[in-house]
Q: 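One structure is given below, represented as structure tokens, and several questions about it will come after.
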Number of protein chains: 2
Amino acid sequence: MARTVAERSDVLPLLAEVFREHGYEGASLSLISKATGLGKGSLYHFFPGGKEEMAVAVLAEIDGWFEANVFRPLRETNDPRAAVATMFATTAEYFRSGRRVCLVGALSLSDARDRFAGRLRDYFARWVEALTAALARAGHGPEAAGAIAEEAVGGIQGAVVLARALDRPDVFERILTGLRARCLGTA
Amino acid sequence: MARTVAERSDVLPLLAEVFREHGYEGASLSLISKATGLGKGSLYHFFPGGKEEMAVAVLAEIDGWFEANVFRPLRETNDPRAAVATMFATTAEYFRSGRRVCLVGALSLSDARDRFAGRLRDYFARWVEALTAALARAGHGPEAAGAIAEEAVGGIQGAVVLARALDRPDVFERILTGLRARCLGTA
DNA sequence: TATCATTCGTACTGATCGGTACAGAAAGGC
DNA sequence: GCCTTTCTGTACCGATCAGTACGAATGATA
């Protein structure tokens, strides 16, 4: 049979898009097969655990991407204010101004939440922690930094929901602008 | 056969809970049947259009509840600051501090969004408009009122996502407290 | 060219999906 | 007392679900 992909990791972005668009339950194997161009044989070869293993792999890749591009910069930068600003720009681009759903957030609202509870909690907890640390280093008081970080991380998720429901990416941009100002405001 | 319910509206809250917990795709007729105690015969008697009609009816009821308990008070009150404060208290109770999912928001993130796009957009648009009007009457400038309203409505949705992912209702409460302060702050 | 593990398509399983058909029981009018 | 309308359970439909089995094609090695 014809070879289509060399690496399991090659299909993860395609897989992620299917889960984002259809959710965990809605992402049927036939949809996944169509989106990846892989038959069931290949799919179960790469992911013996089936759909659940596919979702875990996708979540791990997303987690790794945010760790490298968002969380770590927030923790390790020498210029926390610039790092916070970069975080908003990076996430706005990643979520395509609300046109792209946050898979972690969407799973948190679905009945698949319990299945992946630990990973979902971990993702958001590390995001809030990293942002809290950056805000504290930027001059916010310890308790205010945590509260603002929660408001910002939650606010980004809410911006995705609202922009998608209203079908208005400009609403996403405006909310993020407000959140950024709140993070960088009184230091 | 034994009669179980008298009115179609009696099953709407049960139906809503099934959709909230399992999403549109995940709410199978067998789950719905179990949750409502109604067989398929009764279900299709009340909702000839099947699942889609059930979801539409549930959305209409939710919309009606928010219109009566949240949107209209914001529009018609003589004390806009008190009305805004009441909105936060009412929604916190309705969403049970993030333990209960917002069905409208969850559907907006799912692949059922297109099916109900108009209703989802309408719900959030009216919420933002009503809150904008109240904030303007409370003394905010016209452009600031709109921006804060979007941030607040989105923020509530994000608070549900975050509190549910972290399994921490206190995060929901803290975020709402911050949003309320932002709405009532500099008037 | 022969070998061999890896990769892949297809056919299949049993279960469940949303929806339909229909017979029969309860309720209400008379 | 019927008799009509309103409700309700159950059996069934074709389609699709996640997952398994397995043979065939492939690419690397030799």
Side-chain angles (χ1 to χ4, degrees), chain A residues 1-59 103 106-107 110-116, chain B residues 1-60 103 106-107 110-116 119:
Chain A
M1 293 288 147
R3 297 285 173 105
T4 51
V5 295
E7 301 278 350
R8 172 183 132 135
S9 60
D10 291 349
V11 303
L12 285 182
L14 302 167
L15 225 35
E17 220 44 43
V18 178
F19 282 120
R20 258 189 279 267
E21 285 171 16
H22 302 279
Y24 181 74
E25 316 284 340
S28 70
L29 283 188
S30 70
L31 273 175
I32 292 171
S33 181
K34 193 174 299 176
T36 58
L38 262 44
K40 286 193 179 185
S42 311
L43 252 15
Y44 275 88
H45 171 73
F46 288 123
F47 307 97
K51 249 174 81 168
E52 178 153 350
E53 186 173 341
M54 298 180 206
V56 167
V58 166
L59 285 175
L103 180 59
L107 287 181
S110 81
D111 65 338
R113 184 193 72 147
D114 296 343
R115 201 190 290 258
F116 307 110
Chain B
M1 294 290 150
R3 297 285 172 106
T4 51
V5 295
E7 300 278 348
R8 173 184 132 134
S9 60
D10 292 348
V11 304
L12 286 180
L14 301 167
L15 225 34
E17 218 46 41
V18 178
F19 282 119
R20 257 190 280 266
E21 286 171 15
H22 302 279
Y24 182 73
E25 315 284 340
S28 69
L29 283 187
S30 70
L31 273 174
I32 292 171
S33 182
K34 193 174 300 177
T36 59
L38 260 46
K40 285 192 180 186
S42 310
L43 252 14
Y44 273 87
H45 172 73
F46 288 121
F47 307 96
K51 249 175 81 168
E52 178 152 351
E53 187 173 341
M54 298 180 204
V56 167
V58 166
L59 284 175
L103 179 59
L107 286 181
S110 81
D111 65 337
R113 183 193 73 146
D114 296 344
R115 200 190 291 257
F116 307 110
R119 296 166 206 275

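Keep in mind that this is a model prediction, so the values were computed, not measured. Every chain is numbered from 1, with letters handed out A, B, ... down the list of sequences.
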Q: In whole Å, I'd like the distance from the CG atom of A:Leu29 to the P atom of C:dC8.
A: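 Rounding to the nearest Å, CG of A:Leu29 and P of C:dC8 are 16 Å apart.
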Q: Specify the separation, in whole Å, of atom CD of B:Glu52 and atom P of C:dC17.
A: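 Those two atoms, CD and P, are 19 Å apart.
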Q: For A:Phe46 and C:dA5, give me the distance from atom CZ to atom C1', rounded to whole Å.
A: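 Between C1' of C:dA5 and CZ of A:Phe46: 14 Å.
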Q: Looking at the base of D:dG19, is there any donor atom on it, or on the side chain of A:Lys40, that sits under 3.5 Å from an acceptor on the other one?
A: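 Flag set: donor-acceptor pair detected.
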Q: Side chain of B:Lys40, backbone of B:Ser33: donor and acceptor closer than 3.5 Å?
A: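 No: the side chain of B:Lys40 does not pair with the backbone of B:Ser33.
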Q: From CG of A:Leu38 over to P of C:dG9, roughly how many Å is that when rounded to an integer?
A: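 In whole Å, C:dG9 P lies 6 Å from A:Leu38 CG.
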Q: Can a side chain N or O of A:Ser30 be found less than 4.0 Å away from OP1 or OP2 on D:dT16?
A: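 Answer no for this pair, as no side-chain N or O of A:Ser30 is under 4.0 Å from OP1 or OP2.
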Q: Could you check how far CD of B:Glu25 sits from C1' of C:dC17, rounded to whole Å?
A: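 Interatomic distance, CD of B:Glu25 to C1' of C:dC17: 11 Å.
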Q: How close or far is atom P of D:dC17 from atom CG of A:Leu31, stated in whole angstroms?
A: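 Roughly 7 Å, once rounded to whole Å.
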Q: Which whole-number value in Å describes the distance from B:Lys34 NZ to C:dT16 C1'?
A: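 Nearest whole value for this atom pair: 12 Å.
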Q: Quickly work out the A:Phe47 CZ to D:dA18 C1' distance and round it to whole Å.
A: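 Interatomic distance, CZ of A:Phe47 to C1' of D:dA18: 16 Å.
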Q: Testing B:Val11, B:Val18, B:Leu38 one by one against B:Ile32 for a side chain to side chain contact (heavy atoms under 4.5 Å, CB included), which residue passes?
A: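 Exactly one candidate clears the test, B:Val18.
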Q: Could you give me the CA-CA distance, side-chain angles and deciding distance for A:Leu12 and A:Phe46, then say whether side-chain contact (heavy atoms from CB on, under 4.5 Å) is met?
A: CA-CA 11 Å; A:Leu12 285 182; A:Phe46 288 123; over 6 Å; no
Q: Of B:Lys51 and B:Gly41, whose nearest nucleotide on DNA chain C comes first from the 5' end?
A: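 So the residue in question is B:Lys51.
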Q: So does B:Ser28 get a side-chain nitrogen or oxygen closer than 4.0 Å to the phosphate oxygens (OP1/OP2) of C:dT16?
A: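 No, outside the criterion.
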Q: Could you work out which one of C:dT20, D:dA18, D:dG9 sits closest to the side chain of B:Tyr44?
A: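 Looking only at heavy atoms from C-beta outward on B:Tyr44, the closest nucleotide is C:dT20.
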Q: After noting the C-alpha distance and the side-chain angles of B:Leu15 and B:Arg8, does the key distance pass the side-chain contact (heavy atoms from CB on, under 4.5 Å) rule?
A: CA-CA 11 Å; B:Leu15 225 34; B:Arg8 173 184 132 134; over 6 Å; no
Q: Side chain of B:His45: nearest nucleotide among C:dT20, C:dT7, D:dC7?
A: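 Nearest listed nucleotide: D:dC7.
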Q: For the residue pair A:Phe116 and A:Tyr24, does the interplanar ring angle fall in the parallel (under 30°), tilted (30 to 60°) or perpendicular (over 60°) class?
A: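 Perpendicular: the ring planes of A:Phe116 and A:Tyr24 meet at over 60°.
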